[in-house]
Structures are given as structure tokens and as C-alpha cells.
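Read the structure below first, then the notes.
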Amino acid sequence: MSLAIALSVPPSIEGIGELTGRDIVAFVTGGVILVSLLVQGTLLPAIVRWARLPQDETAAEEYELAQRTITGATVAVLDDLAAEHGISDEVRDRIRRETYEYLELANARAYARQSRADAASISELESMLSTPEAGNHAGAGDDADDRGAADASWARSTAPSNSVGGAAMPALSASPASPLEMIATSDDIDLTQRSPITRYEEATRLRLAVLERKRAVLHRLRREGTIDDLVVRRIEDHLDIDELRLRGVDPLE
């Protein structure tokens, strides 16, 4: 743009005569463009590495905040949703357990990310205050300890809970049988109880209601300006996939 403006200056103007300095203006403009491309363009990556700018975690923080918020809001109204859609207590407790586990997973991921960020900050400060070799060893040891602590916290958070809402739940088997073996030896079907098809339909209705509740809370967060539109679209994509999995694909006519 600047070079085009410099070259657009006419060599002479009627009534004034020839303009002096036009060639100098074009030469200086071209030189500035070359310096900007060759010098600044090649030195910019080195300057960015030297500045050690912190990594932008805003998008990750907003995504985790949205996931934890919509899941927590769903847990709070799960009893009301179950009563509204006529869901049995057995199905409601199963969905509550799944929702609690997902919430614990989201909390563990947020804690692990914050632990990594704190470990990186501590390692950088130690490397500035100590000798290079000592700083490197200390940073590596702290990173290993923090990763171990984060992994242990994530494992505890994602482990299946044996209680739901204060009620004891049966423990899960450590080594589940293969699908074929489970089908061959399954004798837990009690025809006097509720039909498995009925329980499946109830679970589907409740899960769809949970998805609608999550969407409502997600849109409220966007209206309030708490999260960005990109985060909203990213979460909505996951919700759409879950809804498609529950409703199934309509056959083509």
C-alpha cells in the first residue's frame, strides 16, 4: 500500500512543473518495506522466544468452566427432570452416577491443567534464582512430582464412586467378563421387574432432558458474556453428537 501510494505521485503537475523528490520518496518507501520483511520478519521468532510470553489459557479455562457449570446445573435439577418425565428411581440414580463421574472428570482435568501451569511457573522462577544446571534438575524434579500428583488426582476423580447421593452403590468388578461370556451366563433378568426396554426408554428420555438443560445453561453463559462463541460452538458440537447417538439416524426414504 505504501509503495503504491509513493508510485502514484505524478512526475509533474500542470501549472507547477516537475516535482522534485519523487524518486527519493519511492526509494525510501521500498527500503522500508525490504527492511520490514527481511529484518523484522527473521528476528520476530527469536524475539518471541526470548520474551518467554506466557501461553494463553483463556480458551481452555472457558471450556472447562462451561463444562463444569452445565454439568453441575444438571446435577442440581436431576430429581426435577426425573419427576417431570416420569423416570424410575433406578434409572435416575444411574444417570446421576454417570453425571457425577463426568463432573469429577472435568474437575480433575481443570486441577491437572492448573498444576501444570503452577509447576511451569515454579520451575521458571527456580531457574532464574539458581545456577542453570541446578535450575534444570530442580525443574525436572518438580515437573515429575506435579505430574505424578496430577495423575493421582485424576485417577481418584475418575474412579467409579461407590455412593450416589449418600446411598451405597454396589462395587464394580475389577476384571469384567468378556461380552460373549456375559451374554452366555447372564441370569439377572427378572421378568417380574420393570422391562429392560422400559428402563432403556426412560434412560434415553432423561438423557435427552439433561442435554436440553445443558444447552439452556450454555446459552445463558453466552448471553452473560462468560464464555466465547467459539467455546459455545465447541460444546454444542459434543451435545449434538450425544443427542444424535441417543435419537439415532432416521432412515432415508
Side-chain angles (χ1 to χ4, degrees), residues 59-115 150-174 176 182 188 193-224 226-228 230-249:
E61 292 176 357
E62 290 185 359
Y63 180 81
E64 292 170 355
L65 173 63
Q67 288 283 17
R68 297 163 69 183
T69 302
I70 64 177
T71 306
T74 302
V75 172
V77 299
L78 189 60
D79 291 337
D80 297 335
L81 293 177
E84 178 181 353
H85 292 81
I87 307 301
S88 63
D89 294 343
E90 177 188 359
V91 175
R92 180 201 59 195
D93 293 340
R94 176 154 56 91
I95 302 301
R96 177 187 285 115
R97 178 176 178 177
E98 295 176 358
T99 308
Y100 269 124
E101 290 178 353
Y102 188 82
L103 180 60
E104 291 175 355
L105 176 60
N107 291 333
R109 286 174 174 171
Y111 175 78
R113 183 188 57 79
Q114 186 63 39
S115 299
D151 292 341
S153 174
W154 179 86
R156 289 193 302 270
S157 300
T158 55
S161 175
N162 291 333
S163 62
V164 174
M169 300 294 295
L172 298 178
S173 175
M182 292 176 63
D188 297 333
Q193 301 296 325
R194 298 174 62 87
S195 170
I197 298 178
T198 302
R199 293 199 300 268
Y200 173 79
E201 293 175 350
E202 289 182 355
T204 301
R205 293 202 310 270
L206 184 55
R207 289 191 176 101
L208 290 174
V210 166
L211 292 178
E212 291 299 325
R213 177 61 182 177
K214 288 184 177 181
R215 282 196 179 93
V217 178
L218 183 66
H219 294 163
R220 177 175 60 82
L221 293 176
R222 180 174 60 180
R223 290 193 302 268
E224 295 174 353
T226 306
I227 57 178
D228 188 71
L230 295 177
V231 176
V232 174
R233 286 197 291 268
R234 180 181 174 187
I235 296 178
E236 279 188 334
D237 289 341
H238 292 286
L239 297 179
D240 292 340
I241 293 174
D242 291 339
E243 182 177 1
L244 182 62
R245 178 176 56 82
L246 292 172
R247 295 185 183 275
V249 180

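Residue numbers start at 1 and run along the sequence shown. Quick caveat: nothing in here was measured; it's all calculated off a predicted structure.
For the pair I235/I70, a side-chain contact is recorded, criterion being any heavy-atom separation below 4.5 Å from C-beta on. Contact annotation: the side chain of Q67 never approaches that of R109 to less than 4.5 Å [non-hydrogen atoms, C-beta and beyond]. For the pair L206/L78, a side-chain contact is recorded, criterion being any heavy-atom separation below 4.5 Å from C-beta on. In this structure, the side chains of D240 and R215 come closer than 4.5 Å at one or more pairs of heavy atoms.
Checked for salt-bridge contact, D89 and R96 miss the test: no charged N lies under 4.0 Å from a carboxylate O. Between E101 and R97, at least one side-chain N (NZ, or NE/NH1/NH2) sits under 4.0 Å from a carboxylate O, which counts as a salt bridge.
A203 and R94 make their closest contact through CB-NH2, 3.9 Å (heavy atoms, listed as atom of the first residue, atom of the second, distance). Of all the heavy atoms in L103 and G72, the pair that sits closest is CD1-N, 4.2 Å. In terms of heavy-atom proximity, R92 sits nearest to I87 at N-CG2, 4.0 Å. Of all the heavy atoms in Y63 and V231, the pair that sits closest is CA-CG1, 3.7 Å. The shortest non-hydrogen separation linking R213 to L81 is CB-CD1, 4.3 Å.
Checking side-chain atoms of R205 against main-chain N and O of H85 turns up a donor-acceptor pair under 3.5 Å. Of the possible donor and acceptor atoms, one in the side chain of E62 sits under 3.5 Å from a partner among the backbone N and O of D228.
Atoms CD1 and CD, from I95 and E90 in turn, are 10.5 Å apart once rounded to the nearest 0.5 Å. Here the CD-CG distance, from E212 to L239, works out to 9.0 Å after rounding to the nearest 0.5 Å. Atom CG of residue L208 and atom CD of residue E243 lie 6.0 Å apart, to the nearest 0.5 angstrom.
In terms of the salt bridge (charged side-chain N to carboxylate O under 4.0 Å, His left out) criterion, residue partners of E61 (sequence neighbours excluded) are, by chain and number, R113. For the side chain to side chain donor-acceptor pair (under 3.5 Å) test, residues two or more places apart in sequence or in another chain that qualify with H219 are E236.
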